[in-house]
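Structure first, commentary second.
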Amino acid sequence: MRISIITAVKNRTATIRHTIESVIGQDYPDIQYIVIDGGSVDGTVDIIDNYRTKIDYFTSEPDGGVYDALNKGLKIAQGDIVGFLHSDDFYHHHRVVRLAVDAIAHHQADIVFGDIVFIDPCRLNHILRIYRSHRFHPDLFAQGWMPAHPSCFIKREVYEHYGLFKTCYKLASDFELLLRFIKINQVKYCYLPEILVCMRPGGLSNRSLANRWTNNQEILQICREQNIPTNLLRLLARYPAKLCEKLTWLPAYQGMRKRKSVISR
């Protein structure tokens, strides 16, 4: 199966090189790489130009935000499966795309997702938090939970059947998209127990308290539109759960990494 990877970027000179090299370093043989730049003015385009022979499609023009940029990429995508890698992120290792394709084929699924980690921007090997998707169930959308969207690989035909990102939402369009696919239209999914993507902190929905508030208000609106009962308290309850996971699972994971490091020596 051919895979399309889409990167949306604007003014990311500090990180875009790492993102691009993460994609072109994958060991999967048939990747269409699409880069949608929102009209960068800081030298980002100059960096991208150094990799133009490795990029199948590139455009740089003003857009309506990240979801508009992703929709542009989806309209260009020719792969059987589509994944997104944002300009602050990179794949955890060089076999991520291969593992995702194998999981979709093995489980005969239309969507696969795994885990992601948030890393220290100054120490890329230092993990700050883990976002695990292993306990995901469609009913958890009512609590604001969704699979880790940056880890999702989705068959292109799903977008063709059920639509693209809704750009009327500033921060929660990825939540709406996955809810529409998985909860409303019951698209078959599977979980891959692997860390797939490393993310630098400071994503748009978590960048400030104001953004978190807007994100939760949009999630409330999305659930109401889909007749999914929820309320603000149910949505806010997921933050203590995230903290608990950070305090429990992260130390255990770091301990496991240290033991593996000792054994490998």
Side-chain angles (χ1 to χ4, degrees), residues 1-9 19-37 48 51-59 66-87 89-116 133 136 138 146-167 173-199:
M1 290 184 285
R2 193 177 197 201
I3 311 303
S4 295
I5 304 296
I6 301 169
T7 292
V9 58
T19 301
I20 293 173
E21 291 182 353
S22 174
V23 174
I24 65 179
Q26 291 294 299
D27 69 359
Y28 193 78
D30 194 1
I31 294 177
Q32 176 197 25
Y33 190 27
I34 299 168
V35 179
I36 308 294
D37 179 78
I48 295 171
Y51 297 92
R52 290 293 293 275
T53 59
K54 303 290 186 178
I55 296 171
D56 298 279
Y57 179 88
F58 170 71
T59 185
V66 62
Y67 297 123
D68 181 42
L70 296 180
N71 282 344
K72 287 182 180 180
L74 284 167
K75 293 173 183 177
I76 297 298
Q78 299 174 344
D80 303 289
I81 300 169
V82 180
F84 302 107
L85 191 67
H86 300 310
S87 57
D89 307 342
F90 56 94
Y91 287 126
H92 189 235
H93 50 71
H94 68 281
R95 297 185 67 248
V96 165
V97 171
R98 183 180 297 277
L99 289 175
V101 174
D102 290 347
I104 283 181
H106 178 74
H107 294 280
Q108 296 184 333
D110 297 309
I111 299 174
V112 63
F113 51 78
D115 302 329
I116 63 176
S133 300
F136 172 77
M146 66 176 183
H149 179 254
S151 74
C152 288
F153 290 82
I154 303 175
K155 286 188 176 179
R156 180 165 53 89
E157 62 188 31
V158 175
Y159 293 100
E160 294 172 346
H161 290 162
Y162 303 116
L164 309 182
F165 291 96
K166 292 186 176 181
T167 55
S173 188
D174 50 355
F175 179 91
E176 190 280 333
L177 182 101
L178 291 178
L179 183 149
R180 181 171 12 116
F181 289 174
I182 295 174
K183 176 73 172 177
I184 305 303
N185 292 292
Q186 299 181 351
V187 174
K188 185 176 180 181
Y189 66 88
C190 66
Y191 167 66
L192 178 60
E194 290 271 349
I195 294 172
L196 301 182
V197 176
C198 301
M199 300 180 62

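Along the sequence shown, the residues carry numbers beginning at 1.
- Here Q26 contributes atom CD and H93 contributes atom NE2; the two are 8.0 Å apart, rounded to the nearest 0.5 Å.
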For residues 96-110, run the donor-acceptor check on the side chains, cut-off 3.5 Å, and write out each pair with its distance to 0.1 Å, sequence neighbours left out.
from, atom 1, to, atom 2, distance (Å)
R98, NE, D27, OD1, 3.2
R98, NH2, D27, O, 2.9

Legend entry - Full working for side chain to side chain contact (heavy atoms under 4.5 Å, CB included) between Y189 and L178: CA-CA 11 Å; Y189 66 88; L178 291 178; over 6 Å; no
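- Not counting sequence neighbours, K188 has no partner by the salt bridge (Lys or Arg N to Asp or Glu O under 4.0 Å) test.
- I48 and I20 get closest at one heavy-atom pair: CG1-CD1, 4.1 Å.
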Inset, instruction - Start with the C-alpha distance between L177 and K166, add both sets of side-chain angles, then the distance that settles side chain to side chain contact (heavy atoms under 4.5 Å, CB included), and finish with yes or no. - result: CA-CA 8 Å; L177 182 101; K166 292 186 176 181; over 6 Å; no
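- Residues that satisfy the side chain to side chain donor-acceptor pair (under 3.5 Å) test with Q32, not counting sequence neighbours, are S4.
- Listed by chain and number, the residues in a salt bridge (Lys or Arg N to Asp or Glu O under 4.0 Å) with D30 are R2 (sequence neighbours excluded).
- Residues that satisfy the side chain to side chain donor-acceptor pair (under 3.5 Å) test with K72, not counting sequence neighbours, are E61.
- Looking at every heavy atom in both residues, D89 comes nearest to T19 through O-OG1, 2.8 Å.
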Legend entry - Audit row: V197, H86, side chain to side chain contact (heavy atoms under 4.5 Å, CB included) steps and yes/no: CA-CA 10 Å; V197 176; H86 300 310; over 6 Å; no
Legend entry - Residue pair L196, I116: steps toward the side chain to side chain contact (heavy atoms under 4.5 Å, CB included) verdict: CA-CA 6 Å; L196 301 182; I116 63 176; 5.6 Å; no
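- Residues satisfying the side chain to side chain contact (heavy atoms under 4.5 Å, CB included) criterion with E160, sequence neighbours excluded, are R156, E157.
- Scored by the side chain to side chain donor-acceptor pair (under 3.5 Å) test, E194 finds no partners at all (sequence neighbours excluded).
- With sequence neighbours excluded, no residue satisfies ring pair (Phe, Tyr, Trp, His ring centres under 6.0 Å) with Y33.
- Between G73 and I34, the shortest heavy-atom distance links the atoms O-CD1, 3.7 Å.
- Taking S133 as the reference, F113, D115, Y131, P147, A148, Y191 meet the side chain to side chain contact (heavy atoms under 4.5 Å, CB included) condition, with sequence neighbours excluded.
- One finds the CE atom of M199 at 10.0 Å from the OG atom of S151 (value rounded to the nearest 0.5 Å).
- Expressed to the nearest 0.5 Å, how far CG of N71 lies from CG of L164 amounts to 4.5 Å.
- For C198 against H92, the heavy-atom pair with the smallest separation is SG-CD2, 3.5 Å.
- Applying the ring pair (Phe, Tyr, Trp, His ring centres under 6.0 Å) rule to F165 yields the partners Y67, F84, H149; only residues at least two apart in sequence or on another chain are considered.
- With hydrogens and angles ignored, the 3.5 Å screen pairs a side-chain donor or acceptor of T7 with a backbone N or O of L85.
- Shown here are the side chain to side chain donor-acceptor pair (under 3.5 Å) partners of D37, two or more places apart in sequence or in another chain: S40, S60.
- Minimum interatomic distance between R180 and Y162 (heavy atoms only, all atoms of both residues): NH1-O, 2.6 Å.
- From L70, atom CG reaches atom CD1 of I6 across 6.5 Å, with rounding to the nearest 0.5 Å.
- Taking CD1 of I184 as the start and CD1 of I182 as the end, the distance is 11.0 Å to the nearest 0.5 Å.
- Pairing each heavy atom of K183 with each of Q186, the nearest pair is O-CG, 3.9 Å.
- When side chains are defined from C-beta on, K54 does not count as touching V23, because their heavy atoms never get closer than 4.5 Å.
- Once rounded to the nearest 0.5 Å, the distance linking CD1 of I3 with CD1 of I81 reads 4.0 Å.
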